[in-house]
Amino acid sequence: MTTSDPAVPAGTPPLGAPFRAALIQMRTAKDVAANVAAASALIRRAAAEGASYIQTPEMTGTMEENREALFRVLHAEEDDPALAAFRALAAELNVHLHIGSLAVRASEHRAANRSYLLAPDGSIAARYDKIHMFDVDLPNGDVYRESAAYRPGELAIVADLPQIRLGLTICYDLRFPALFRALAEAGAGMIAAPAAFTQSTGEAHWHILLRARAIETGCFVLAAAQGGTHENGRKTFGHSLIIDPWGTILAEGGSEPGIIAAEIDPAEVARVRGRIPSLSNGRRFELVMPADQSRLHLVSGGAA
């Protein structure tokens, strides 16, 4: 794939050589220091095994869901001890370290569910605030109100690795394919989807959604996950996945903490998009609908 390809925006960097990517599967508890230590041990192992891009799950720092308790341990980005520790670790190991998300203080009354791509020198290469809030009542009785503590992000983010352009998402974003398409149209050849999927929704939809997003975009999709029964009683699905642009699962975790890894060949993006050029075949459209309906998300509508 070159920037002369109509499916690739001008300015997209050329695809580079194959590289090893690793996902850290965790079972995050409430104590931030203990979680940082657990993640760091696995990150060191992944780097020692040759990974140059390493991703951790959503809520790497703490799985505290009680709003009052969460705000007692929140820090602004510039003062966050977990972020400082991971920045130092990225520099020590000379890797791109993608912290799936940390809870950071965004204002007096709101947190941000924020993902960080850390460069090999420890600098922050990119940050992304989760756009879609998980506010849901599940059939099993579980109730989640992410918006009670977190403010949603408003910006979609892509960042360049040496070999490929990376799009950033977090967990519930997975159910909004327009975001993934926008990232691919912005030149992403790999999309990160670090997550803490519940056990019930993971069993139903985790694999099919991740594979669909890879197929739709012609991107590698990498999703580091939380897995198992956490200290707060929440059950997460695990099964961290690395999926190629054709939708093939290259590596999969189970329910326990650990590392999964695979070789990412950026040239596969060009091969798949050459076979199914849906990015370049896409067309803008307007939806005609009855005058008494409100406009739909991301679609301009005209009354019939």
Side-chain angles (χ1 to χ4, degrees), residues 11-13 15-16 19-26 35-36 39-40 42-44 46-47 51-61 75-78 80-104 106 112-131 153-171 173-174 179-180 182-184 186-196 213 217 219-226 240-242 259-262 264 266 269:
T12 300
L15 297 173
F19 63 99
R20 186 172 178 83
L23 307 182
I24 305 302
Q25 185 159 297
M26 297 180 64
N35 296 325
V36 171
S40 296
L42 292 170
I43 291 165
R44 289 181 185 279
S52 61
Y53 169 87
I54 303 171
Q55 181 193 124
T56 68
E58 181 185 30
M59 290 293 121
T60 292
H75 296 269
E77 179 179 289
E78 59 270 20
D80 189 86
L83 179 59
F86 288 130
R87 291 182 66 178
L89 186 59
E92 175 192 341
L93 300 176
N94 192 37
V95 297
H96 276 91
L97 178 55
H98 186 170
I99 303 304
S101 82
L102 298 173
V104 297
N113 188 348
R114 184 169 294 168
S115 186
Y116 291 96
L117 177 65
L118 306 177
D121 64 359
S123 63
I124 299 173
R127 53 175 66 76
Y128 164 71
D129 287 358
K130 185 178 182 181
I131 292 174
E154 298 179 344
L155 299 175
I157 301 294
V158 293
D160 289 336
L161 300 175
Q163 309 92 340
I164 200 167
R165 180 163 287 177
L166 173 70
L168 279 65
T169 75
I170 300 173
C171 199
D173 287 333
L174 182 59
L179 174 58
F180 283 72
L183 295 171
M190 186 168 92
I191 299 177
R213 297 297 88 87
T217 62
C219 286
F220 287 93
V221 173
L222 281 69
Q226 298 279 354
S240 299
L241 289 172
I242 298 176
I259 301 167
I260 72 165
I264 305 299
V269 175

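None of these values were measured; they are calculated from a predicted model.
Residues satisfying the side-chain hydrogen bond (donor to acceptor under 3.5 Å, both in side chains) criterion with R44, sequence neighbours excluded, are E92. Under the side-chain contact (heavy atoms from CB on, under 4.5 Å) criterion, Q163 pairs with F19, S52, L161, P266, sequence neighbours left out. Partners of I131 by side-chain contact (heavy atoms from CB on, under 4.5 Å), not counting sequence neighbours, listed by chain and number: Y128, D173, L179. Scored by the side-chain contact (heavy atoms from CB on, under 4.5 Å) test, A85 finds V36 as partners (sequence neighbours excluded). With sequence neighbours excluded, no residue satisfies side-chain hydrogen bond (donor to acceptor under 3.5 Å, both in side chains) with T217. A search for side-chain hydrogen bond (donor to acceptor under 3.5 Å, both in side chains) contacts involving D80 returns nothing, not counting sequence neighbours.
Under the 3.5 Å distance criterion, the side-chain polar atoms of Q226 are matched with a main-chain donor or acceptor of M59. When atom types are taken as modelled, the side chain of S115 and the backbone of G100 share a donor-acceptor pair closer than 3.5 angstrom. A donor-acceptor pair under 3.5 Å is absent between the side-chain atoms of R127 and the main chain of R114, judged by distance alone. No donor-acceptor pair under 3.5 Å is formed between the side chain of R165 and the backbone N or O of G189. No side-chain donor-acceptor contact under 3.5 Å links E58 to the backbone of I170.
Heavy-atom minimum distance, A188 versus L166: CB-C, 4.3 Å. For the residue pair I157 and L183, the shortest heavy atom distance occurs at O-CD2, 3.4 Å. Here the shortest heavy-atom pairing between A193 and A223 reads O-CB, 3.3 Å. Nearest approach of Q25 to A225, heavy atoms of both residues: CG-O, 3.1 Å. Nearest heavy atoms, I264 versus A21: CG1-CB, 3.8 Å. Closest non-hydrogen pair, N94 versus P120, comes out as OD1-CB, 3.2 Å.
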Legend entry - Residues T56, Y116; criterion side-chain contact (heavy atoms from CB on, under 4.5 Å); working and verdict: CA-CA 10 Å; T56 68; Y116 291 96; over 6 Å; no
Inset, instruction - Please report the C-alpha distance between I124 and E77 in whole Å, then the side-chain angles of each, then the deciding distance to 0.1 Å, and finally whether the side-chain contact (heavy atoms from CB on, under 4.5 Å) criterion is met. - result: CA-CA 11 Å; I124 299 173; E77 179 179 289; 3.9 Å; yes
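For the atom pair CD1 of I242 and CG of L222, the computed distance is 4.5 Å after rounding to the nearest 0.5 Å. Between T60 atom OG1 and N35 atom CG the span is 8.5 Å, to the nearest 0.5 Å. Note: L168 CG to K130 NZ = 13.5 Å, rounded to the nearest 0.5 Å. Atoms CG and CZ, on L118 and F86 in that order, are 9.0 Å from each other to the nearest 0.5 Å. With rounding to the nearest 0.5 angstrom, the CG atom of L117 is 10.0 Å from the CG atom of D160.
By the 4.5 Å heavy-atom criterion applied to side chains, I259 and L23 are not counted as neighbours. When side chains are defined from C-beta on, L83 does not count as touching H75, because their heavy atoms never get closer than 4.5 Å.
Atom CD of E78 has more than 12 heavy atoms from other residues, nucleotides or ligands within 6.0 Å.
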